Amino acid sequence: MTGTDPEYGHLVPLLEEYSALPADDPRREALRDQLVTGYLPIAQHIARRFAHRGEPLDDLVQVATVGLINAVDRFSPEKGSDFFSFAVPTISGEVRRHFRDQGWSMRVPRRLKDMHVSINGVVSELSQRLGRAPRPSEIAEQLGVPVADVLEGLEAAEAYRSSSLDEMLSSEQGSATVGELVGAADAELDRVDYRQALRPVLAELAPRERTIVMLRFFGNMTQTQIADQVGISQMHVSRLLAQTLDRLRNRLDPETRTG
Amino acid sequence: MSDKDSAGSATTVGGSSIVEVRTTARASFIPTIRAVASDLAARADFDLDAISDLRMAVDEACATLVDVAAPGSHLRCTFQVLPERIQVHAEVEATAGTTVSTDTFGWRVLQTLADEVAVQHLPGADGHATVGIVLDKRAGVPTR
(Lines give C-alpha, C1' and ligand atoms only; values in the text may rest on other atoms or scores of the structure.)
Protein backbone atom coordinates (compact mmCIF):
# COMPACT_ATOMS: atom_id res chain seq x y z
CA MET A 1 0.00 0.00 0.00
CA THR A 2 1.28 3.45 -0.84
CA GLY A 3 -0.11 6.94 -0.78
CA THR A 4 -0.77 6.76 -4.50
CA ASP A 5 -2.81 3.57 -4.22
CA PRO A 6 -5.85 4.16 -6.48
CA GLU A 7 -8.17 3.16 -3.63
CA TYR A 8 -6.89 6.01 -1.46
CA GLY A 9 -5.44 8.47 -3.98
CA HIS A 10 -8.49 10.73 -3.87
CA LEU A 11 -8.01 11.18 -0.10
CA VAL A 12 -4.55 12.70 -0.34
CA PRO A 13 -5.71 16.23 -1.26
CA LEU A 14 -8.35 16.01 1.49
CA LEU A 15 -5.66 15.17 4.03
CA GLU A 16 -3.67 18.20 2.98
CA GLU A 17 -6.74 20.37 3.19
CA TYR A 18 -7.66 18.97 6.62
CA SER A 19 -4.27 19.48 8.19
CA ALA A 20 -4.10 23.03 6.83
CA LEU A 21 -7.40 24.05 8.40
CA PRO A 22 -7.29 25.87 11.74
CA ALA A 23 -8.47 23.83 14.73
CA ASP A 24 -11.76 25.69 15.03
CA ASP A 25 -12.73 25.63 11.36
CA PRO A 26 -16.31 24.30 10.95
CA ARG A 27 -15.36 22.30 7.85
CA ARG A 28 -13.00 20.09 9.83
CA GLU A 29 -15.60 17.69 11.16
CA ALA A 30 -17.06 16.70 7.80
CA LEU A 31 -13.58 16.33 6.30
CA ARG A 32 -12.43 14.21 9.20
CA ASP A 33 -15.43 11.88 8.84
CA GLN A 34 -14.70 11.52 5.18
CA LEU A 35 -11.05 10.73 5.81
CA VAL A 36 -11.70 8.23 8.58
CA THR A 37 -14.33 6.45 6.51
CA GLY A 38 -12.04 6.43 3.50
CA TYR A 39 -9.07 5.01 5.34
CA LEU A 40 -11.12 2.61 7.46
CA PRO A 41 -9.97 -0.46 5.50
CA ILE A 42 -6.44 0.12 6.86
CA ALA A 43 -7.69 0.02 10.44
CA GLN A 44 -9.73 -3.10 9.67
CA HIS A 45 -6.74 -4.72 8.04
CA ILE A 46 -4.52 -4.09 11.06
CA ALA A 47 -7.23 -5.27 13.45
CA ARG A 48 -7.56 -8.52 11.50
CA ARG A 49 -3.84 -9.13 11.77
CA PHE A 50 -4.30 -9.34 15.53
CA ALA A 51 -7.48 -11.39 15.54
CA HIS A 52 -7.39 -14.90 17.05
CA ARG A 53 -5.24 -13.64 19.91
CA GLY A 54 -7.99 -13.80 22.46
CA GLU A 55 -9.60 -10.42 21.88
CA PRO A 56 -12.90 -10.10 19.93
CA LEU A 57 -12.39 -8.74 16.40
CA ASP A 58 -15.05 -6.06 16.87
CA ASP A 59 -13.16 -4.63 19.84
CA LEU A 60 -9.94 -4.65 17.87
CA VAL A 61 -11.56 -2.83 14.93
CA GLN A 62 -12.88 -0.18 17.31
CA VAL A 63 -9.50 0.29 18.94
CA ALA A 64 -7.79 0.41 15.54
CA THR A 65 -10.32 3.03 14.41
CA VAL A 66 -9.43 5.20 17.41
CA GLY A 67 -5.81 4.84 16.28
CA LEU A 68 -6.80 5.88 12.77
CA ILE A 69 -8.58 8.99 14.06
CA ASN A 70 -5.46 9.93 16.00
CA ALA A 71 -3.38 9.39 12.89
CA VAL A 72 -5.65 11.62 10.79
CA ASP A 73 -5.54 14.34 13.46
CA ARG A 74 -1.79 14.26 13.93
CA PHE A 75 -0.59 13.78 10.37
CA SER A 76 1.25 16.71 8.86
CA PRO A 77 1.83 16.32 5.09
CA GLU A 78 4.40 19.12 5.01
CA LYS A 79 6.85 16.85 6.86
CA GLY A 80 7.08 14.88 3.64
CA SER A 81 6.23 11.35 4.75
CA ASP A 82 3.19 9.66 3.29
CA PHE A 83 0.13 8.95 5.36
CA PHE A 84 0.54 5.17 5.40
CA SER A 85 3.97 5.14 6.94
CA PHE A 86 2.60 7.42 9.64
CA ALA A 87 -0.80 5.77 10.15
CA VAL A 88 0.23 2.11 10.33
CA PRO A 89 2.49 2.45 13.40
CA THR A 90 0.02 4.85 15.03
CA ILE A 91 -2.85 2.39 14.62
CA SER A 92 -0.72 -0.59 15.68
CA GLY A 93 0.37 1.39 18.72
CA GLU A 94 -3.21 1.89 19.76
CA VAL A 95 -3.98 -1.83 19.37
CA ARG A 96 -0.79 -2.65 21.28
CA ARG A 97 -1.89 -0.50 24.22
CA HIS A 98 -5.24 -2.26 24.18
CA PHE A 99 -3.54 -5.65 24.42
CA ARG A 100 -1.26 -4.43 27.14
CA ASP A 101 -4.32 -3.53 29.19
CA GLN A 102 -6.60 -6.38 28.15
CA GLY A 103 -4.29 -9.28 27.41
CA TRP A 104 -4.57 -10.95 30.77
CA SER A 105 -6.61 -14.08 31.23
CA MET A 106 -7.48 -13.14 34.79
CA ARG A 107 -7.54 -9.95 36.76
CA VAL A 108 -4.00 -9.09 37.65
CA PRO A 109 -3.26 -6.02 39.78
CA ARG A 110 -1.65 -3.12 37.92
CA ARG A 111 1.42 -3.44 40.16
CA LEU A 112 2.04 -7.00 38.97
CA LYS A 113 1.50 -6.11 35.33
CA ASP A 114 4.10 -3.41 35.73
CA MET A 115 6.44 -5.86 37.43
CA HIS A 116 5.95 -8.29 34.56
CA VAL A 117 6.83 -5.58 32.07
CA SER A 118 9.90 -4.61 34.13
CA ILE A 119 11.06 -8.22 34.31
CA ASN A 120 10.62 -8.71 30.59
CA GLY A 121 12.61 -5.55 30.08
CA VAL A 122 15.73 -6.79 31.84
CA VAL A 123 15.67 -10.50 30.98
CA SER A 124 17.19 -10.23 27.53
CA GLU A 125 19.85 -7.78 28.70
CA LEU A 126 20.81 -10.11 31.57
CA SER A 127 20.78 -13.15 29.28
CA GLN A 128 23.17 -11.39 26.93
CA ARG A 129 25.52 -10.52 29.75
CA LEU A 130 25.37 -13.90 31.52
CA GLY A 131 25.22 -16.08 28.41
CA ARG A 132 22.27 -17.97 29.94
CA ALA A 133 18.80 -17.29 31.33
CA PRO A 134 18.86 -15.21 34.53
CA ARG A 135 17.62 -16.40 37.90
CA PRO A 136 14.93 -14.57 39.90
CA SER A 137 17.60 -13.34 42.35
CA GLU A 138 19.58 -11.83 39.49
CA ILE A 139 16.51 -10.14 38.04
CA ALA A 140 15.69 -8.73 41.49
CA GLU A 141 19.20 -7.39 41.88
CA GLN A 142 19.12 -5.77 38.45
CA LEU A 143 15.76 -4.11 39.15
CA GLY A 144 16.65 -3.23 42.72
CA VAL A 145 13.53 -4.89 44.11
CA PRO A 146 12.98 -7.78 46.58
CA VAL A 147 13.08 -11.32 45.12
CA ALA A 148 9.52 -11.82 46.42
CA ASP A 149 8.30 -9.13 44.01
CA VAL A 150 10.01 -10.84 41.09
CA LEU A 151 8.44 -14.18 42.06
CA GLU A 152 5.02 -12.52 42.07
CA GLY A 153 5.72 -10.91 38.73
CA LEU A 154 6.75 -14.26 37.23
CA GLU A 155 3.61 -15.85 38.56
CA ALA A 156 1.56 -13.07 36.98
CA ALA A 157 3.29 -13.88 33.70
CA GLU A 158 1.49 -17.22 33.67
CA ALA A 159 -1.80 -15.33 33.49
CA TYR A 160 -0.66 -13.41 30.46
CA ARG A 161 -2.18 -15.01 27.43
CA SER A 162 -1.16 -12.77 24.58
CA SER A 163 2.31 -11.93 23.60
CA SER A 164 3.05 -8.29 23.12
CA LEU A 165 2.24 -6.99 19.71
CA ASP A 166 5.80 -5.90 19.20
CA GLU A 167 6.72 -9.53 19.34
CA MET A 168 3.96 -10.55 16.95
CA LEU A 169 4.95 -7.90 14.48
CA SER A 170 8.68 -8.29 14.66
CA SER A 171 9.10 -11.96 14.22
CA GLU A 172 7.62 -13.17 11.00
CA GLN A 173 10.55 -15.54 11.00
CA GLY A 174 13.47 -15.70 8.85
CA SER A 175 17.19 -15.15 9.28
CA ALA A 176 19.48 -17.45 7.34
CA THR A 177 20.91 -18.81 10.58
CA VAL A 178 17.48 -19.93 11.78
CA GLY A 179 17.04 -21.76 8.49
CA GLU A 180 20.36 -23.54 8.86
CA LEU A 181 19.63 -24.45 12.46
CA VAL A 182 16.25 -25.87 11.52
CA GLY A 183 17.92 -27.86 8.74
CA ALA A 184 20.23 -29.48 11.26
CA ALA A 185 17.33 -30.17 13.62
CA ASP A 186 15.43 -31.70 10.74
CA ALA A 187 18.26 -34.13 10.08
CA GLU A 188 18.11 -35.11 13.74
CA LEU A 189 14.35 -35.69 13.47
CA ASP A 190 15.05 -38.10 10.59
CA ARG A 191 16.91 -40.33 12.97
CA VAL A 192 14.01 -41.02 15.34
CA ASP A 193 11.45 -43.82 15.13
CA TYR A 194 8.25 -41.79 15.47
CA ARG A 195 9.07 -39.24 12.77
CA GLN A 196 6.38 -40.61 10.46
CA ALA A 197 3.70 -39.83 13.02
CA LEU A 198 5.24 -36.52 14.02
CA ARG A 199 5.97 -34.97 10.63
CA PRO A 200 2.38 -34.38 9.48
CA VAL A 201 1.45 -32.95 12.89
CA LEU A 202 4.46 -30.62 12.85
CA ALA A 203 3.49 -29.57 9.34
CA GLU A 204 0.17 -28.26 10.69
CA LEU A 205 1.92 -25.82 13.01
CA ALA A 206 2.55 -22.19 12.18
CA PRO A 207 6.11 -21.76 10.88
CA ARG A 208 7.37 -20.04 14.00
CA GLU A 209 5.91 -22.61 16.40
CA ARG A 210 7.37 -25.40 14.29
CA THR A 211 10.76 -23.71 14.27
CA ILE A 212 10.73 -23.35 18.05
CA VAL A 213 9.75 -26.99 18.61
CA MET A 214 12.41 -28.21 16.17
CA LEU A 215 15.16 -26.11 17.73
CA ARG A 216 14.26 -27.09 21.28
CA PHE A 217 13.70 -30.83 20.85
CA PHE A 218 15.85 -31.68 17.84
CA GLY A 219 18.30 -28.81 17.71
CA ASN A 220 19.42 -29.05 21.33
CA MET A 221 18.98 -25.32 21.99
CA THR A 222 17.78 -23.67 25.20
CA GLN A 223 14.79 -21.33 25.26
CA THR A 224 17.10 -18.37 25.74
CA GLN A 225 19.18 -19.33 22.71
CA ILE A 226 16.03 -19.81 20.64
CA ALA A 227 14.70 -16.45 21.81
CA ASP A 228 17.89 -14.85 20.59
CA GLN A 229 17.78 -16.59 17.21
CA VAL A 230 14.10 -16.07 16.49
CA GLY A 231 14.03 -12.52 17.82
CA ILE A 232 11.39 -12.80 20.55
CA SER A 233 11.62 -12.87 24.35
CA GLN A 234 12.43 -15.96 26.41
CA MET A 235 9.03 -15.71 28.11
CA HIS A 236 7.38 -15.66 24.73
CA VAL A 237 9.32 -18.76 23.63
CA SER A 238 8.27 -20.43 26.89
CA ARG A 239 4.60 -19.66 26.27
CA LEU A 240 4.66 -20.73 22.64
CA LEU A 241 6.49 -23.93 23.47
CA ALA A 242 4.06 -24.91 26.23
CA GLN A 243 1.05 -24.15 24.02
CA THR A 244 2.52 -26.08 21.12
CA LEU A 245 3.38 -29.13 23.21
CA ASP A 246 -0.14 -29.17 24.50
CA ARG A 247 -1.43 -29.03 20.96
CA LEU A 248 0.91 -31.77 19.77
CA ARG A 249 -0.16 -33.97 22.66
CA ASN A 250 -3.79 -33.67 21.59
CA ARG A 251 -3.00 -34.27 17.94
CA LEU A 252 -0.63 -37.19 18.27
CA ASP A 253 -2.14 -40.60 18.46
CA PRO A 254 -1.90 -41.88 22.05
CA GLU A 255 -0.36 -45.03 20.59
CA THR A 256 2.47 -42.98 19.19
CA ARG A 257 2.94 -40.97 22.30
CA THR A 258 2.73 -43.50 25.08
CA GLY A 259 2.92 -46.83 23.27
CA MET B 1 33.55 -22.78 37.14
CA SER B 2 32.62 -26.07 38.79
CA ASP B 3 29.46 -27.28 40.44
CA LYS B 4 31.17 -27.49 43.79
CA ASP B 5 32.36 -23.89 43.72
CA SER B 6 28.90 -22.62 43.03
CA ALA B 7 27.05 -24.66 45.61
CA GLY B 8 27.91 -22.28 48.43
CA SER B 9 26.70 -19.19 46.60
CA ALA B 10 23.26 -20.56 45.86
CA THR B 11 20.49 -19.06 47.94
CA THR B 12 18.37 -22.19 47.75
CA VAL B 13 16.87 -24.17 50.55
CA GLY B 14 19.48 -25.78 52.76
CA GLY B 15 19.20 -29.57 52.81
CA SER B 16 16.10 -31.00 51.23
CA SER B 17 12.41 -30.37 51.59
CA ILE B 18 9.52 -32.36 50.23
CA VAL B 19 6.21 -31.34 48.74
CA GLU B 20 3.68 -33.94 47.74
CA VAL B 21 0.55 -33.38 45.65
CA ARG B 22 -2.03 -36.10 45.20
CA THR B 23 -4.99 -35.78 42.84
CA THR B 24 -7.48 -37.97 41.06
CA ALA B 25 -5.64 -39.20 37.98
CA ARG B 26 -7.38 -36.83 35.62
CA ALA B 27 -5.96 -34.38 33.08
CA SER B 28 -7.92 -31.50 34.59
CA PHE B 29 -5.68 -31.51 37.69
CA ILE B 30 -2.41 -31.30 35.78
CA PRO B 31 -2.38 -27.48 35.65
CA THR B 32 -2.45 -27.45 39.46
CA ILE B 33 0.50 -29.81 39.66
CA ARG B 34 2.57 -27.95 37.11
CA ALA B 35 1.85 -24.66 38.89
CA VAL B 36 3.34 -26.21 42.04
CA ALA B 37 6.36 -27.31 40.00
CA SER B 38 7.11 -23.90 38.58
CA ASP B 39 6.47 -22.17 41.90
CA LEU B 40 8.94 -24.44 43.67
CA ALA B 41 11.53 -23.94 40.95
CA ALA B 42 11.15 -20.15 41.02
CA ARG B 43 11.46 -20.08 44.81
CA ALA B 44 14.55 -22.27 44.58
CA ASP B 45 16.01 -19.60 42.27
CA PHE B 46 16.15 -21.79 39.16
CA ASP B 47 16.98 -19.79 36.05
CA LEU B 48 14.04 -18.89 33.81
CA ASP B 49 14.80 -21.61 31.26
CA ALA B 50 14.98 -24.25 34.00
CA ILE B 51 11.71 -23.07 35.60
CA SER B 52 9.92 -23.31 32.29
CA ASP B 53 11.55 -26.65 31.41
CA LEU B 54 10.53 -28.20 34.71
CA ARG B 55 6.99 -26.93 34.33
CA MET B 56 6.66 -28.48 30.87
CA ALA B 57 8.39 -31.71 31.92
CA VAL B 58 5.97 -32.18 34.83
CA ASP B 59 3.11 -31.45 32.47
CA GLU B 60 4.34 -34.07 30.01
CA ALA B 61 5.08 -36.70 32.66
CA CYS B 62 1.68 -36.29 34.31
CA ALA B 63 -0.16 -36.35 30.98
CA THR B 64 1.65 -39.55 30.06
CA LEU B 65 0.75 -41.19 33.37
CA VAL B 66 -2.86 -40.06 33.38
CA ASP B 67 -3.24 -41.77 30.00
CA VAL B 68 -2.25 -45.14 31.46
CA ALA B 69 -3.84 -44.77 34.90
CA ALA B 70 -6.50 -47.24 36.01
CA PRO B 71 -9.96 -45.64 36.27
CA GLY B 72 -10.52 -43.95 39.61
CA SER B 73 -6.87 -44.15 40.64
CA HIS B 74 -4.69 -41.35 41.95
CA LEU B 75 -1.82 -39.42 40.54
CA ARG B 76 0.81 -38.77 43.16
CA CYS B 77 3.53 -36.27 42.51
CA THR B 78 6.38 -35.78 44.95
CA PHE B 79 8.83 -32.91 44.66
CA GLN B 80 12.07 -33.12 46.51
CA VAL B 81 13.78 -29.74 46.61
CA LEU B 82 17.53 -30.22 46.92
CA PRO B 83 20.32 -27.69 46.66
CA GLU B 84 20.44 -26.56 43.02
CA ARG B 85 18.04 -29.25 41.80
CA ILE B 86 14.55 -30.66 42.12
CA GLN B 87 13.68 -34.31 41.83
CA VAL B 88 10.14 -35.17 40.79
CA HIS B 89 8.53 -38.54 41.25
CA ALA B 90 5.12 -38.93 39.61
CA GLU B 91 3.17 -42.17 39.76
CA VAL B 92 -0.21 -43.74 39.09
CA GLU B 93 -1.86 -47.09 39.55
CA ALA B 94 -2.32 -49.01 36.33
CA THR B 95 -3.31 -52.47 35.28
CA ALA B 96 -0.45 -54.93 35.41
CA GLY B 97 1.64 -55.02 32.27
CA THR B 98 1.02 -51.34 31.43
CA THR B 99 4.15 -49.59 30.31
CA VAL B 100 5.32 -46.17 29.34
CA SER B 101 7.28 -46.54 26.17
CA THR B 102 10.39 -44.55 25.61
CA ASP B 103 10.58 -44.47 21.82
CA THR B 104 8.01 -41.69 21.50
CA PHE B 105 8.04 -37.96 20.98
CA GLY B 106 6.68 -37.50 24.51
CA TRP B 107 9.72 -39.26 25.89
CA ARG B 108 12.00 -37.16 23.73
CA VAL B 109 10.35 -34.09 25.23
CA LEU B 110 10.99 -35.39 28.74
CA GLN B 111 14.60 -36.23 27.97
CA THR B 112 15.21 -32.79 26.54
CA LEU B 113 13.51 -30.87 29.33
CA ALA B 114 14.83 -32.83 32.30
CA ASP B 115 18.45 -33.55 33.11
CA GLU B 116 17.60 -37.14 33.94
CA VAL B 117 14.44 -39.13 33.44
CA ALA B 118 13.47 -42.75 34.01
CA VAL B 119 10.40 -44.98 34.08
CA GLN B 120 9.64 -47.08 37.13
CA HIS B 121 7.40 -50.14 37.09
CA LEU B 122 6.47 -51.76 40.38
CA PRO B 123 4.22 -54.81 40.33
CA GLY B 124 1.40 -54.63 42.86
CA ALA B 125 -1.41 -56.87 44.09
CA ASP B 126 -4.68 -57.80 42.32
CA GLY B 127 -3.43 -57.39 38.78
CA HIS B 128 -2.38 -53.83 39.46
CA ALA B 129 0.96 -52.14 39.15
CA THR B 130 2.47 -48.77 39.93
CA VAL B 131 3.86 -46.91 36.95
CA GLY B 132 6.01 -43.90 37.65
CA ILE B 133 8.27 -41.36 36.01
CA VAL B 134 11.21 -39.96 37.93
CA LEU B 135 12.84 -36.81 36.69
CA ASP B 136 15.63 -34.66 37.88
CA LYS B 137 16.07 -31.02 36.97
CA ARG B 138 19.06 -28.86 37.82
CA ALA B 139 18.65 -25.17 38.61
CA GLY B 140 20.54 -24.18 35.49
CA VAL B 141 24.07 -23.23 34.66
CA PRO B 142 25.86 -22.73 37.99
CA THR B 143 26.24 -19.12 39.04
CA ARG B 144 29.62 -17.73 39.93
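From a predicted model like this one, the values you see are computed outputs, not experimental measurements. Numbered from 1 within each chain, the chains take letters A, B, ... in sequence-line order. Because only heavy atoms are used, hydrogens play no part in the values below, and waters and symmetry mates are left out as well, while side chains stay in.
Taking every heavy atom of both residues into account, A/Ser137 and B/Asp45 meet most closely at OG-OD2, 2.5 Å. Residues B/Asp103 and A/Tyr194 come closest through the heavy atom pair O-CD2, 3.1 Å.
Other residues, nucleotides and ligands place no more than 12 heavy atoms under 6.0 Å from the CD atom of A/Glu141. Counting heavy atoms of neighbouring residues, nucleotides and ligands inside a 6.0 Å radius, atom CG of B/Asp126 does not exceed 12 of them. At most 12 heavy atoms of other shown residues, nucleotides or ligands fall within 6.0 angstrom of atom CG in A/Asn220.
In this structure, B/Leu48 CG and A/Leu154 CG are separated by 6.0 Å, a value rounded to the nearest 0.5 Å. Considering CZ of A/Phe218 and CZ of B/Arg108, their distance stands at 5.0 Å, rounded to 0.5 Å. With values rounded to the nearest 0.5 angstrom, B/Ser52 atom OG is found 10.5 Å from A/Arg239 atom CZ.
Looking at A/Val147, neither its backbone nor its side chain comes within 4.5 Å of chain B, counting heavy atoms on both sides. Using a 4.5 Å cut-off between heavy atoms, A/Arg195 makes no contact with chain B at all. Residue contact with chain A, scored on non-hydrogen atoms closer than 4.5 Å, involves the backbone and the side chain of B/Asp59 alike. With a 4.5 Å cut-off on non-hydrogen atoms, A/Leu241 touches chain B through its backbone and its side chain both. Looking at B/Arg34, neither its backbone nor its side chain comes within 4.5 Å of chain A, counting heavy atoms on both sides.
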For this session: Just do the side-chain contact (heavy atoms from CB on, under 4.5 Å) check on A/Leu189 and B/Phe105 with the steps written out, would you?
Result: CA-CA 10 Å; A/Leu189 171 61; B/Phe105 177 60; over 6 Å; no

For this session: Could you go through the side-chain contact (heavy atoms from CB on, under 4.5 Å) check for B/Leu113 and A/Arg216 one step at a time?
Result: CA-CA 9 Å; B/Leu113 296 174; A/Arg216 184 72 187 94; 4.0 Å; yes

For this session: Assess whether salt bridge (Lys or Arg N to Asp or Glu O under 4.0 Å) is satisfied between B/Glu84 and A/Arg135, documenting all intermediate values.
Result: CA-CA 12 Å; B/Glu84 290 290 297; A/Arg135 296 177 179 229; 3.0 Å; yes

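Between chain B and the options A/Thr224, A/Thr222, A/Asp193, A/Val237, heavy-atom pairs under 4.5 Å are most frequent for A/Thr224. Of the residues considered (B/Ala35, B/Ala42, B/Ser38), B/Ala42 shows the highest number of contacts with chain A, using heavy-atom pairs under 4.5 Å.
Between A/Leu245 and B/Val109, the closest side-chain pair of non-hydrogen atoms falls below 4.5 Å.
Side-chain atoms of A/Arg249 do not come within 3.5 Å of backbone N or O of B/Ala63 as any donor-acceptor pair.
Side-chain contact of B/Asp49 with A/Gln225: a donor-acceptor pair under 3.5 Å is absent, judged by distance alone.
Residues of residues 71-80 of chain B never come within less than 4.5 angstrom of chain A, heavy atom to heavy atom.
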